[in-house]
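Data block below; observations after.
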Amino acid sequence: MATSSSAIDSILVENRVFPPSEEMVKNANISGMDAYKAMCAEADKDFEGFWGNLARKHVVWTKPFTRVLDGSNAPFYKWFDDGELNVSANCLDKHMGTPVENKTAIIFEADDGAVTKVTYKELLARVGQFANALKSRGIQKGDRVILYMPMTIEGVVAMQACARLGVIHSVVFGGFSAKALQDRIVDVGAVAVITANYQMRGGKEMPLKAIVDDAIALGGCESVKNVFVYERTKTACAMTAGRDHTFSEVLEGQSTECAPVPVNAEHPLYILYTSGSTGKPKGVQHSSGGYLLQAKLTMDWTFDLKPEDVFWCTADIGWVTGHSYVVYGPLAAGATEIVFEGIPTYPNAGRFWDMVQRHKCTVFYTAPTAIRSLIKASEADDKVHPKSYDLKSLRIIGSVGEPINPEAWVWYYNHVGGGRCPIVDTYWQTETGTHMINPLPGATPLVPGSCTLPLPGIYPAIVDETGEEMPNGKGGMLAYKKPWPSMIRTIWGDPERFKKTYFPPEMKGYYFAGDGAVRSEDRGYFRVTGRIDDVLNVSGHRLGTMEVESALVAKTDLVAEAAVVARPDDLTGEAICAFVVLKRPLPSDEEAKAIAKELRDWVAKEIGPIAKPKDIRFGENLPKTRSGKIMRRLLRSLAKGEAITQDTSTLENPQILEQLAHNN
Ligand code: WT7
């Protein structure tokens with residue numbers, strides 16, 4: 001990419017330390033490093049007492065728990081497991097009769113800029129009404145329901161309505177394909193799908209319901225008895241009589257009052273699929289009690305939430321960030337939050353800054369990939385540069401999804417945060433449920449590119465392959481020595497895979513995160529360097545190399561063999577590079593380009609557009625060792641365009657390196 005003078009291009013080493021301002025420290029929920037250390041010490045001294053006290057204080061229980069942690073069947077940990085609660089009641093009913101009741105819960109901004117606001121009281125009524133609609137179709141506690149929804153108030157309402165009934169939701173991101181959707185419908189055995197006729201993104205109307213129809217038509221979805229369709233736009237879509245119902249149909253005549261169903265603390269709140277190192281995505285199962293506790297707590301700790309804040313997490317509800325920091329955390333904390341339907345570059349790349357200004361957003365949380373693309377856009381056009389907007393309302397800004405490079409960090413700090421707002425670089429995962437390692441805005445001195453220190457009660461370590469801890473300054477694998485309340489409970493339908501993936505026998509019972517990391521010698525700060533398994537991170541989205549490889553070889557008329565690796569990319573963090581052996585002679589230039597396009601479209605259809613390989617290289621073979629193993633390290637060098645330093649003497653046909661260097 002030709003951006004030599006660009007702020008995002010160089011590998012700047014940033015050693016400056018940015019302590020919080022005195023004012024920030026003074027007003028913070030966790031005020032100063034001593035307060036942070038005191039909380040950590042409390043957890044050290046009495047781990048269960050620490051979490052038990054917090055759970056009593058921050059969660060409303062319909063039946064109090066008497067036991068905090070049950071590790072008798074580790075690693076299948078249970079938290080607060082003789083307690084009962086309802087998550088939706090903790091997000092909505094809890095606020096009734098308090099000043100929060102008439103406070104704005106959601107400021108919804110549609111793709112076209114139309115703004116709708118709902119108060120907590122109104123939101124409760126809408127959730128109750130939708131829950132009654134689900135109930136009237138026989139949907140009940142323990143059933144699984146798939147959501148395939150745009151970013152809308154209705155999406156939040158549908159998730160909360162499920163939680164209200166103890167129905168387990170599984171949200172599938174609206175960018176995933178019919179095939180990906182079908183896989184998930186089958187894996188959870190969904191009784192219903194909640195969707196919309198269309199979604200609006202960047203001024204374009206894109207089908208959702210039609211993809212649900214395609215998914216069901218792929219087969220194996222007999223469990224689906226009902227499809228609920230939110231009429232997001234006026235355009236009609238095909239409806240199957242008896243099975244499909246519009247929202248207006250099912251909501252008509254339903255009461256807005258629906259008693260929340262108490263569930264056990266360990267009752268699954270949701271299942272969310274994420275990519276692993278094998279072809280099949282994993283259904284990460286989260287609990288009700290422990291999950292809600294940490295979703296609420298991290299709003300207070302990481303975002304230092306105050307009653308007057310206007311919180312905005314830009315993530316889609318299809319990802320864990322949207323679950324914890326759009327649907328559950330902010331509402332449990334009684335925040336006013338912005339929910340945004342559109343994309344950061346429509347109508348122009350100043351959209352985020354324009355919205356911060358108009359809604360007087362105070363806490364803003366987004367992904368490095370978005371920041372990097374907006375840096376680029378604002379370098380080309382002053383009008384969309386943050387300096388052209390009034391961003392003085394901001395007091396805390398956050399980052400999530402991938403390591404933030406120091407260049408992007410410094411730009412975000414100076415131009416968005418005005419040199420005044422701490423950046424909370426939050427390191428966590430779908431599996432951890434909520435934040436694990438990140439600075440506290442009123443305590444932790446910041447170091448660009450470092451997620452700094454664990455939250456109180458969280459015990460990360462850097463270990464080698466035997467679980468032995470590494471000294472500061474030495475890189476290793478990130479692991480957690482103790483369980484935590486919002487952790488993954490199991491992989492839906494595959495407890496063995498859960499054990500094998502996260503608690504491998506050599507790791508001493510530690511939770512294995514799959515990331516490489518190092519602690520700094522001076523401060524012991526964590527820096528996460530990226531995945532050490534076969535998982536890619538493209539624009540903060542997780543994809544398995546095997547998943548993309550399986551999609552490619554499923555194109556059986558064309559592809560004989562495929563290998564996928566990641567290479568660094570300026571904008572998306574990592575980009576997918578696919579090496580493909582075709583079932584036909586090596587194509588010429590023009591032909592190769594046409595086949596590459598066909599393969600990209602194919603992968604988009606199999607998984608979703610986010611999985612499209614950026615680079616596609618063709619060769620008559622892949623580089624292999626004598627025993628026939630693909631030399632992935634060599635492929636990674638080829639992908640980066642590096643000189644080959646590995647031993648290639650075992651290659652049968654060294655010419656293929658030349659072939660595979662050529663991108664199409
Ligand atoms: C993987 C988890 C975190 C919720 C959204 C993504 C990477 C995430 C950071 C960060 C460095 C990060 C890790 C992690 N990651 N946040 N602040 N610094 N790396 O959830 O899809 O489950 O992905 O994203 O590699 O394992 P996810």
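Start at 1 and go down the list; that is how both ligands and their atoms are numbered. Computed from a predicted model, the values in this text were never measured in an experiment. Computed from heavy atoms alone, side chains included, the values below leave out hydrogens, waters and symmetry copies.
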Quick test: of every protein heavy atom, which one is nearest to [atom], and how far off is it to 0.1 Å?
| atom | result |
| --- | --- |
| atom 2 (C) of ligand 1 | Trp428 O, 3.7 Å |
| atom 5 (C) of ligand 1 | Thr321 OG1, 3.3 Å |
| atom 11 (C) of ligand 1 | Pro403 N, 3.1 Å |
| atom 26 (O) of ligand 1 | Asp515 OD2, 2.5 Å |

Less than 3.5 Å between some nitrogen or oxygen of [X] and one of ligand 1, yes or no?
| X | value |
| --- | --- |
| Gln429 | yes |
| Thr426 | yes |
| Gly401 | yes |
| Arg542 | yes |

Check whether any side-chain heavy atom of [X] sits under 4.5 Å from a side-chain heavy atom of [Y], and report yes or no.
| X | Y | value |
| --- | --- | --- |
| Pro281 | Glu547 | yes |
| Ile371 | Trp411 | yes |
| Tyr502 | Met487 | no |

Return the CD to CZ distance between Glu402 and Arg372, rounded to the nearest 0.5 Å.
4.5 Å
Flag the pair Tyr77 / Trp484 as yes when their ring centroid distance falls below 6.0 Å, and as no otherwise.
no
Is the distance from the ring center of His435 to that of Tyr325 below 6.0 Å?
yes
So, the side chain of Glu109 versus the backbone of Val339: is there a donor-acceptor pair under 3.5 Å, distance only?
no
Counting distance only, does the side-chain N/O of His323 pair as donor-acceptor with the main-chain N or O of Trp319 below 3.5 Å?
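Such a contact is found between His323 side chain and Trp319 backbone.
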For [X], take its heavy atoms, then give the atoms of ligand 1 lying under 4.0 Å from any of them.
| X | value |
| --- | --- |
| Asp425 | 10 (C), 17 (N) |
| Val400 | 3 (C), 4 (C) |
| Asn537 | 7 (C), 24 (O) |
| Val320 | 4 (C) |
| Thr430 | 20 (O), 21 (O), 22 (O), 27 (P) |

Heavy-atom distances under 4.0 Å decide this one: backbone, side chain, both or neither, for Glu402 against ligand 1?
backbone
Geometric class of the Trp312/Phe340 ring pair [parallel <30°, tilted 30-60°, perpendicular >60°]:
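Plane angle over 60°, so perpendicular.
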